[in-house]
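To start, the structure itself, in structure tokens.
None of the values given here were measured: they were computed from a predicted structure. Each ligand, and each atom within it, is numbered from 1 in the order the structure gives.
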Amino acid sequence: MLELDSLFVRYGGITAVRGISVKIDDGDLAAIIGANGAGKSSTLNAIVGMVPVAEGKVFFDGQDVTRTPTHVKVRKGMVLVPEGRRIFPNLTVYENLQMAGYAVKDWKSELDFVFTLFPILNERFKQSAGTLSGGEQQMLAIARGIVAKPKVLLLDEPSLGLSPVLVQQIMGAIKQINQRGTTVLLVEQNAFAALRIASKAFVMELGEITLQGEPSQIAVNEHVRAAYLGA
Ligand code: ATP
């Protein structure tokens, strides 16, 4: 479904991603965990084309999409829910969803699923998105991803700034999105939350993948426990 082959991302003299190779199969719920500045957002942004790939390749559904423009990738089914939510605060919940669904036919067919996951968005449908709570805004950001009908949904730090209860709710929703058939690539600093739902995990440090495998095994790795799980 998604393959990164020796991917590099550079910002001037800074190398943020150092030749990572990652394979994500159809139906996976893959998690990349790592600390601040490890290069997780740079990886996601390079996959979707928001920052240029300096070296290496991105394959999606068997095609080389390394230089494919972002809007074309969206139409092919590669959708990013960016860090920091990036909703339109002056538009209503409905208008935010409408804009996210612009590229697909019949985006409204996803609304039932969205409201099953996040009933509060139904209650807030005509409310300005800027007046939603942080958790509700994160739900809206994920809902925007859903109505774009992705084959692969990329999520950048969805737990950021949320209370433990909300983190659990958001992670549960991500699991349900995956169980419904969407491949997911989740990037998280919250290793504990991500490893609980993932089917495959990658640890990223200083721009490199230093460990990968079954989440249950990653979770008992001594380095991971000390560095990311507070053990
Ligand atoms: P965080 O969780 O804090 O977002 P991250 O793992 O997503 O961290 P990135 O945001 O990808 O990490 O950053 C990786 C490195 O690249 C960092 O050293 C960061 O300072 C640098 N970096 C990111 N964006 C830029 C940019 N636009 N210009 C210059 N350096 C950048």
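Partners of Tyr11 by ring-ring contact (aromatic ring centres under 6.0 Å, His included), not counting sequence neighbours: none found. Residues forming a salt bridge (charged side-chain N to carboxylate O under 4.0 Å, His left out) with Lys151 (at least two apart in sequence, or on another chain): Asp61. Under the ring-ring contact (aromatic ring centres under 6.0 Å, His included) criterion, Tyr94 pairs with Trp107, Phe125, not counting sequence neighbours.
In summary, the side chains of Gln189 and Lys40 do not present any donor paired with an acceptor at a separation below 3.5 Å, with no hydrogens or angles considered. Defined by atom type and a distance below 3.5 Å, a donor-acceptor pair is missing between the side-chain atoms of Glu55 and Ser6.
Using a 4.0 Å cut-off between a side-chain N of Lys or Arg and a carboxylate O of Asp or Glu, Lys200 and Asp25 qualify as a salt bridge.
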Which N or O atoms of ligand 1 sit under 3.5 Å from a protein N or O, and how far apart is each pair?
from: ligand 1; atom 1: 2 (O); to: Lys40; atom 2: NZ; distance (Å): 3.3
from: ligand 1; atom 1: 2 (O); to: Glu157; atom 2: OE2; distance (Å): 3.1
from: ligand 1; atom 1: 2 (O); to: Gln189; atom 2: NE2; distance (Å): 3.1
from: ligand 1; atom 1: 3 (O); to: Asn36; atom 2: OD1; distance (Å): 2.5
from: ligand 1; atom 1: 4 (O); to: Ser41; atom 2: OG; distance (Å): 3.4
from: ligand 1; atom 1: 4 (O); to: Glu83; atom 2: OE1; distance (Å): 3.3
from: ligand 1; atom 1: 6 (O); to: Ala38; atom 2: N; distance (Å): 3.0
from: ligand 1; atom 1: 6 (O); to: Gly39; atom 2: N; distance (Å): 2.9
from: ligand 1; atom 1: 6 (O); to: Lys40; atom 2: N; distance (Å): 2.9
from: ligand 1; atom 1: 6 (O); to: Lys40; atom 2: NZ; distance (Å): 2.8
from: ligand 1; atom 1: 7 (O); to: Ser41; atom 2: N; distance (Å): 2.7
from: ligand 1; atom 1: 7 (O); to: Ser41; atom 2: OG; distance (Å): 2.8
from: ligand 1; atom 1: 8 (O); to: Gly37; atom 2: N; distance (Å): 2.7
from: ligand 1; atom 1: 11 (O); to: Ser42; atom 2: N; distance (Å): 2.8
from: ligand 1; atom 1: 11 (O); to: Ser42; atom 2: OG; distance (Å): 2.5
from: ligand 1; atom 1: 12 (O); to: Gly39; atom 2: N; distance (Å): 3.1

